[in-house]
Amino acid sequence: MCFYIARLKFGEAKLRAYREMDGSTSGVEDNDIDWNTEDELELDNFTLSPCSSLLLTGGEANAFSGEASSCPSSSNSKVLDQFIGMGFSKKMVEKAIQEHGEENTDAILEMLLSDSVLESSSQELQQTDSDHFSSDYDGSFLDDFSDLESSGDEEIMSPTSEEEKLLMSLIKMGYTEEEASIAIERCGLSSSLLELTDFLSAAHLAKAEDALLPLEQKPGLKHLHTDYPKKKRKLLVNQVSKRKRQNRLIGEDNETVRLPNPMIGFGIPTGPCQSHRTLPKAAIGPPYFYFENVALTPKGVWDTISRFLYDVPPEFVDSKYFCAAARKRGYVHNLPIENRIPLVPLPPQTIDEALPMSRKWWPSWDTRTKLNCLQTCHSSAKLTERIMKALEGYDDIPPERVQRGVMHECRKWNLVWVGKNRVAPLEPDEFEMLLGFPKNHTRGISRTDRYKSLGNAFQIDTVAYHFSVLRDMFPNGINVLSLFSGIGGAEIALHRLGIRMKNVVSLEISEVNRNVLRCWWEQTNQRGNLIHLPDVQELNADRLEQFMSSFGGFDLVVGGSPCNNLTGSNRYHRDGLEGKESSLFYHFFRILDLVKSIMAGI
């Protein structure tokens, strides 16, 4: 259990240390939070950054107490004095500065905190249950791997139905029965013990951090119907306020939306499909609408989304049933569900098919057939180097504890084998292929922007399967209102289905993403009109009426609002739909409701 407590303590200590350095209130800049990844980042991302996750083993370092050291520094370096003043030993600080340089204070702090946890927990580690921790602690970077169980590390592995076993394991580790039950319910029965404890640790850390933050008014709806006729505007504002009040009154304990297992929605191409569903009267088109976001959200979020979107229940789908990578998403839409067809040719379904060049180097003990969710970030070169050094001492199969440690990092960061004992993160063009985008779709922008844009994008084959019902419905073309367009996942899905886009009004705040979509539009010789607007918050009724009077209304309203405040990786501002970025969902509803109202009056 000390391993998981250490993660919580590490995060709290890091927050306190950052505050001492720069006076920050929250310890994290808003610009450092990625949009939508998601998935939603997956539960694996509840763990810490790559430079620290390999070092944590348990306990709370004395350096975390915040008391200044009584040993004066003999160095002239301000950085050295600063960290010594925070309670770290001079030897540790000098070692960290030598490795990272004085300029990189973030990396220095990360290393100091990690080394402090390692130093203070070595004795405690030796007394811990040998079923979860290594008893031959020697300070090597793979020792903390031994706390990982050898089976069921990811949902993509063989699922287990032993709910009671998971429940008892969590209770024995110190969690309450209620906490354990919620974690199993939210993460699914196929989740590993590591995923469940990471989920709980992240929740505890977020709760502890919230207690330290000053009370602030939650962001509300901005620019709500600024130019809409007063009567209609008042009705719509009252509707939004009423639904928000209902959400508060209903509360988290009455959550009705549950994540299914398996996550196949109304059906997948290779399995049984549901042929009919009944939609609430208010949800029946026109227009058709399609909203996407990460499946693993704080409790109650999908209930709220469903209530705002005319009480349509979400369809939860994991893209691992469509391609070689997982991507757990929820989709609220009013599209028909019968007679769906997949895109052809079908994409690669396994890692072996998607990345045949890695086949030669893939070890027998790496049993992965699917990759985890593709993220907006990737592992460091230092991590892959450490893995290589850990393996090069073994001619054949490494010990089981080394295998478990390496596999944990490989699954967490989607590392693939590129040589003997060598792993590497996926390249951006491999991201494009796995997500169904055209080759070189994001080429021409920075490598960081490519990862961020692709990590926040639709999985084309999944979305196209849902959109396929539109092909016979709109043989002459379709008018699309695309909110939070990103790099054009919805547009590409329609294009690959052979559905002509007559007019697309695209709202995307990132200029980089707008340029990517515009470039693709020109390269594919689209005959329709692409109209770009920068901000959904500025789109009002007058502008919508202008568009709709010029080409007769929208046939499809599609989008996926930012998931910054929904994903488990956001430990500091996981505020749900009231968060700064994720509250933009309400603008999706606002604009959709405006479109429906205007079309009803045309």
Side-chain angles (χ1 to χ4, degrees), residues 1-12 40-48 53 56-60 124 128-133 144 146-211 251-263 294-303 316 318 328 372 404 408 411-412 566-571 574 576:
M1 177 178 176
C2 63
F3 173 77
Y4 304 104
I5 295 176
R7 288 184 175 175
L8 183 62
K9 299 297 185 183
F10 181 92
E12 294 170 345
E40 73 183 101
L41 299 178
E42 292 295 331
L43 285 172
D44 245 7
N45 293 323
F46 285 124
T47 52
L48 299 168
S53 62
L56 295 182
T57 53
E60 180 178 11
E124 181 182 356
T128 309
D129 192 323
S130 60
D131 289 339
H132 296 284
F133 296 90
D144 56 308
S146 59
D147 77 297
L148 303 174
E149 296 188 340
S150 60
S151 62
D153 281 281
E154 292 295 336
E155 185 176 350
I156 61 175
M157 303 296 287
S158 299
T160 175
S161 59
E162 300 179 2
E163 180 178 3
E164 292 185 2
K165 180 179 178 182
L166 284 174
L167 190 65
M168 292 305 301
S169 296
L170 290 171
I171 292 173
K172 288 179 179 179
M173 294 171 66
Y175 297 107
T176 67
E177 183 176 353
E178 181 181 8
E179 288 176 329
S181 298
I182 291 174
I184 294 171
E185 179 182 331
R186 298 299 296 167
C187 302
L189 289 177
S190 60
S191 301
S192 67
L193 195 61
L194 178 63
E195 285 179 324
L196 295 169
T197 50
D198 276 344
F199 178 90
L200 290 165
S201 296
H204 286 175
L205 183 59
K207 185 174 181 180
E209 173 60 18
D210 287 344
E252 292 184 349
D253 292 338
N254 293 323
E255 184 184 34
T256 59
V257 175
R258 298 289 186 267
L259 297 181
N261 186 16
M263 204 176 286
V294 295
L296 298 168
T297 63
K299 194 172 184 180
V301 165
W302 277 109
D303 280 287
F316 292 107
D318 190 339
K328 301 177 180 69
N372 279 334
R404 290 199 302 268
H408 169 65
R411 290 191 177 103
K412 176 181 176 182
L566 306 181
T567 62
S569 60
N570 187 349
R571 297 172 183 271
R574 198 169 187 241

Could you pull out the closest heavy-atom pair between Trp302 and Thr297, with the gap in Å?
CD1-OG1, 3.4 Å

Would you name the heavy atoms of Asp318 and Lys328 that are closest together and state the gap between them?
OD2-CG, 3.6 Å

Using 0.5 Å steps for rounding, measure from the CG atom of Asn261 to the CZ atom of Phe316.
13.0 Å

